[in-house]
Amino acid sequence: MLGTIPFPEGMGGSVYFSYPDSSGMPVWQLLGFVTNGKPSAIFKISGLKSGEGSQHPFGAMNIVRTPSVAQIGISVELLDSMAQQTPVGNAAVSSVDSFTQFTQKMLDNFYNFASSFAVSQAQMTPSPSEMFIPANVVLKWYENFQRRLAQNPLFWKT
């Protein structure tokens, strides 16, 4: 499971997530799959609904009831069996790579941070040692960067 040794031919891994229900019993939800052709995936779990479980191979396990322990389970199965399973709808695989996601979050954070210092011209106190950048210039840069990132996430390399 470290990614250094491939799955046996015709096999893959079903990825499950469990969070206990109100009684402390684990509720397993199928997130998706990993295979030799797709050896990794990022699953969004923020939209999962508690208490909505699915069929899983962990039923025979003797798991202690714990009120707040999340678990990840990987079941090695035949690819044919995995193809017949349906992952929970809210656990979509992220279609945005982590670099693009980081860059977008960084842009949002910078714009929000810079905007929090915005003052009107009437509120400005003259200070010859400081430079001021108009908020509309920061907004224009932000919008241009977002547009370029959407067109080509690697534009900054050129």
Mind running side chain to side chain contact (heavy atoms under 4.5 Å, CB included) on Phe43 and Val15 for me, showing each step along the way?
-> CA-CA 9 Å; Phe43 300 103; Val15 181; 4.0 Å; yes
Gap between atom [atom2] of [Y] and atom [atom1] of [X] - 0.5 Å precision:
X     : Y     : atom1 : atom2 : answer
Glu9  : Leu79 : CD    : CG    : 8.0 Å
Ile74 : Ser14 : CD1   : OG    : 9.5 Å
Gln29 : Tyr16 : CD    : OH    : 11.5 Å
Gln71 : Tyr19 : CD    : OH    : 11.5 Å

Steps toward side chain to side chain contact (heavy atoms under 4.5 Å, CB included) verdict (Thr35, Met82) = CA-CA 10 Å; Thr35 64; Met82 289 173 29; 3.8 Å; yes
Is Gln151 atom CD crowded by more than 12 heavy atoms from other residues, nucleotides or ligands, each under 6.0 Å away?
->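 It does: Gln151 CD has more than 12 such atoms within range.
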Please set out all donor-acceptor pairs under 3.5 angstrom arising from side-chain atoms of residues 123-138, sequence neighbours excluded.
| from | atom 1 | to | atom 2 | distance (Å) |
| --- | --- | --- | --- | --- |
| Gln123 | OE1 | Ser120 | N | 2.8 |
| Gln123 | OE1 | Ser120 | OG | 3.3 |

Could you tell me whether the side chain of Asn36 and the main chain of Pro6 form a donor-acceptor pair under 3.5 Å?
->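 Checking the backbone N and O of Pro6 against the side chain of Asn36, no donor-acceptor pair under 3.5 Å is found.
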Atom of Gly73, atom of Trp28 and distance for their closest heavy-atom approach |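 Closest pair (atom of Gly73, atom of Trp28, distance): N-CZ3, 3.6 Å.
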Do you know which two heavy atoms are closest between Phe7 and Val34, and how far apart they sit?
->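 That would be CE1-O, 3.6 Å.
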Start with the C-alpha gap between Ser115 and Phe117, add the side-chain angles, then the distance that decides, and say whether side chain to side chain contact (heavy atoms under 4.5 Å, CB included) holds.
-> CA-CA 5 Å; Ser115 297; Phe117 293 99; over 6 Å; no
Results of side chain to side chain contact (heavy atoms under 4.5 Å, CB included) for Asn152 - residues two or more places apart only =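 Asn152 satisfies side chain to side chain contact (heavy atoms under 4.5 Å, CB included) with Leu154, Phe155 only.
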Solution key, residues 103-114 side-chain donor-acceptor pairs under 3.5 Å, sequence neighbours excluded:
| from | atom 1 | to | atom 2 | distance (Å) |
| --- | --- | --- | --- | --- |
| Thr103 | OG1 | Phe99 | O | 2.8 |
| Gln104 | NE2 | Asp108 | OD1 | 3.3 |
| Asp108 | OD1 | Tyr142 | OH | 2.5 |
| Asn112 | ND2 | Asp108 | O | 3.2 |

